[in-house]
Structure formats: C-alpha cells, structure tokens
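Inspection log for the structure reproduced underneath, given as structure tokens.
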Amino acid sequence: MSKEEASAVAGIFWSLSPVVVITSAAGEDINGQVAVTAVTSSIVHSVPRLLVGIWKGNYTHGFITRSGAFTIHLLRTDQLDLVRNFGFYTGRERDKFRDVGYRTGVTGSPVLLDAHSYAECRVINAMDGGDMTAFLVSVVDGKILSGGDWMTLNHFYTYAPEEWIEQYGERLSLSVANSLGIIHNIDYAPWKGK
Ligand SMILES: Cc1cc2nc3c(=O)[nH]c(=O)nc-3n(C[C@H](O)[C@H](O)[C@H](O)COP(=O)(O)O)c2cc1C
C-alpha cells in the first residue's frame, strides 16, 4: 500500500464523522468550536465516555484545559449556519454566542438550546498529539433535544454553499501548515489531572 492510499483510507474516517459543536467556559468567558473528531470510548453503558480531538491553536482548547469540561452537541442536518458560526471564526475575534441561545449546564459549560442533542462532559485524561490534544471525557449529563438526522462531515461538504467550502478550505490550509510545524513535538508526560 502507498502512503497516498493510506491517507485516503484514514480520510474515510473524516467523512463519516458527526459534526459537533463543543462549548466550554473559563470563569466568566465562554467559547465554542466545531469538531469532527468525537468517538465513543466506553463499552459500559452506565459509564459513558467519549474521546475528542481538539487542535491546540483553537481558542476553545485553552477553555477546555482550564475548566476540564465541555458540552458536546450533535447538530441536525438543517443547522449548517451553526457550523459556520462556530467553525469558521475564532472566538478571539468574535462573540459566537451573540445570536445563539444557550444556558449554563451542570459543568459550567454552555448548553445550546437548539441542537439534535447534547452531552455534558468532564475531562478524565488527556494525551498530547503535538498539534492537538485527545481528551478522554466522562459524560455526566445529556439529553436528546429535537432528535432527527444528525449532521456528518459528508453532509456538510455536500450541502454547504460552495463559497463556504472555499472559505473553510482556506482556513484549513492555514491550520494544516501550522500543524505540520508541531505535529511531531509530542509531550509524553502523563496528564496530571486538574
Ligand atoms: C466542518 C469542520 C470540522 C472541524 N473539525 C475540527 C476538529 O475535529 N477539531 C478541531 O480542533 N477543530 C476542528 N474544526 C476547526 C474549528 O472549529 C475552527 O478552527 C474554529 O474556528 C476554532 O474556533 P476557536 O478559535 O474559537 O476555538 C473544524 C471546523 C469545521 C468547519
């Protein structure tokens, strides 16, 4: 198998992933971002866990490391606007909650009022990946809100307007260039907890 084919196989995992909004609070401040790197990681129904990858350059990363908590929301297929709001801009430059209804959840993280569903999470371990951190989280609360079909990355690329895809592509290229510089600088020290 060639390296090119290996990358193509790894890419299939992207397309199948649910598109989620992750929100977190640090003190009075709140922020949120889009992610597609969330997978289940517990076979014990009564001990639900997820594994979520967050890039270090994102403003949200600092919120999660400081608070040790976030809320993860599955989006419905008709919520493309939320992907743009939370995934195309950084909270360093924009209040992403200006036009988005939310309440404060049990972990202190914001919970969006309109989504497919949400799960409130606390970090129980974290692994450095150079350019990103893989957070193992415990799901402490959650609810199906509207339900229905949830959005996948395939859906986003199929139904988002062409100019959005271009705009996101440009942002992604910058992130990839940044990641390339640090992706192999892995800190193997175990996570100490909060
Ligand atoms: C469709 C889509 C998928 C994304 N997937 C991820 C992801 O899995 N992990 C991640 O850290 N960022 C991901 N992002 C990028 C962040 O959502 C984006 O950089 C965001 O603007 C960061 O906001 P912040 O700086 O306010 O935290 C994705 C963005 C989009 C639009």
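The shown structure was predicted, so the numbers you read here are calculated from the model rather than taken from an experiment. Both counts, for ligands and for their atoms, begin at 1 and track the order of listing.
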**OP:** Measure the CG-OG distance between Leu74 and Ser146 for me, rounded to the nearest 0.5 Å.
**Re:** 10.0 Å
Original post:
Closer than 4.0 angstrom: is that true for some heavy atom of Arg84 and an atom of ligand 1?
Top reply: no
Subject >> Distance from atom 31 (C) of ligand 1 to nearest protein heavy atom, with residue and atom >> reply: Tyr168 CE1, 3.4 Å
Original post:
Can you name the closest pair of heavy atoms from Leu145 and Leu112 and give their distance?
Top reply: CD1-O, 3.7 Å
Original post:
Which atoms of ligand 1 are found less than 4.0 Å from any heavy atom of Gly53?
Top reply: 9 (N), 11 (O)
Subject >> Face-on cation placement of Arg84 at Phe86 ring, 6.0 Å and 45° thresholds >> reply: no
Original post:
Do Ile54 and ligand 1 have an N or O pair less than 3.5 Å apart?
Top reply: no
Original post:
Counting only heavy atoms not in Tyr157, do more than 12 sit closer than 6.0 Å to its OH atom?
Top reply: yes
**OP:** Go through the steps for Ile54 and Thr133 under the test side-chain contact (heavy atoms from CB on, under 4.5 Å), then give the verdict.
**Re:** CA-CA 5 Å; Ile54 299 293; Thr133 305; 5.6 Å; no
Original post:
Where does Asn31 meet ligand 1, judged by heavy-atom distances below 4.0 Å: at the side chain, the backbone, both, or neither?
Top reply: side chain
Original post:
Hey, mind stepping through Ile72 and Glu120 against side-chain contact (heavy atoms from CB on, under 4.5 Å) and telling me if it holds?
Top reply: CA-CA 6 Å; Ile72 185 167; Glu120 294 200 62; over 6 Å; no
**OP:** Provide the number and element of each atom of ligand 1 under 4.0 Å from a heavy atom of Ala35.
**Re:** 5 (N), 6 (C), 7 (C), 8 (O), 9 (N)
Original post:
Is the closest N or O pair between Trp14 and ligand 1 shorter than 3.5 Å?
Top reply: no
**OP:** Using a 4.0 Å heavy-atom cut-off, say whether Arg171 meets ligand 1 through its side chain, its backbone, both or neither.
**Re:** side chain
Original post:
For atom 23 (O) of ligand 1, what is the nearest protein heavy atom, given as residue, atom name and distance?
Top reply: Lys96 NZ, 3.0 Å
**OP:** Check ligand 1 against Thr37 and write out every atom of the ligand that is under 4.0 Å from a heavy-atom position of the residue.
**Re:** 7 (C), 8 (O), 9 (N)
Original post:
Would you call Phe86 a ligand 1 contact, heavy-atom distance under 4.0 Å?
Top reply: yes
**OP:** Can you spot which of Asp187, Asp131, Asp128 makes a salt bridge (Lys or Arg N to Asp or Glu O under 4.0 Å) with Lys56?
**Re:** Asp128
Original post:
If you draw the axis of the six-membered ring of Tyr59, does the NZ or CZ of Arg92 fall within 45° of it and under 6.0 Å from the ring centre?
Top reply: no
**OP:** Count the heavy atoms of every other residue, nucleotide or ligand shown that sit under 6.0 Å from CD of Glu163, and state whether that count exceeds 12.
**Re:** yes
Original post:
Between Val36 and ligand 1, is there a nitrogen or oxygen pair with a distance under 3.5 Å?
Top reply: yes
**OP:** Could you find the nearest protein heavy atom to atom 1 (C) of ligand 1 and give me its residue, atom name and distance?
**Re:** Leu153 CD1, 3.5 Å
**OP:** Evaluate the side-chain proximity of Met151 to Leu80: yes if any heavy-atom separation is below 4.5 Å, no if none is.
**Re:** yes
Original post:
What's the shortest distance from atom 21 (O) of ligand 1 to any protein heavy atom, and which residue and atom give it?
Top reply: Tyr89 O, 2.6 Å
Subject >> Gap between atom OH of Tyr89 and atom CZ of Arg94 - 0.5 Å precision >> reply: 5.0 Å
Original post:
Can the ring centres of Tyr102 and His73 be said to be less than 6.0 Å apart?
Top reply: no
**OP:** Please could you name the atoms of ligand 1 that Tyr59 approaches to less than 4.0 Å, counting only its heavy atoms?
**Re:** 24 (P), 25 (O), 26 (O), 27 (O)
Original post:
How far is atom 27 (O) of ligand 1 from its nearest protein heavy atom, and which residue and atom is that?
Top reply: Thr60 OG1, 2.5 Å
Subject >> Shortest protein heavy-atom distance from atom 17 (O) of ligand 1, along with the residue and atom involved >> reply: Val34 O, 2.8 Å
Original post:
Just distances here: any N/O of Gly91 and N/O of ligand 1 closer than 3.5 Å?
Top reply: yes
Subject >> Trp164 atom CH2: more than 12 heavy-atom contacts under 6.0 Å >> reply: yes
Original post:
Taking distance alone, with no angle check, do Asn58 and ligand 1 share an N/O pair under 3.5 Å?
Top reply: yes
Original post:
How close does the nearest protein non-hydrogen atom get to atom 18 (C) of ligand 1, and which residue and atom is it?
Top reply: Gly87 O, 3.3 Å
Subject >> Nearest non-hydrogen protein atom, atom 25 (O) of ligand 1 >> reply: Thr90 OG1, 2.7 Å
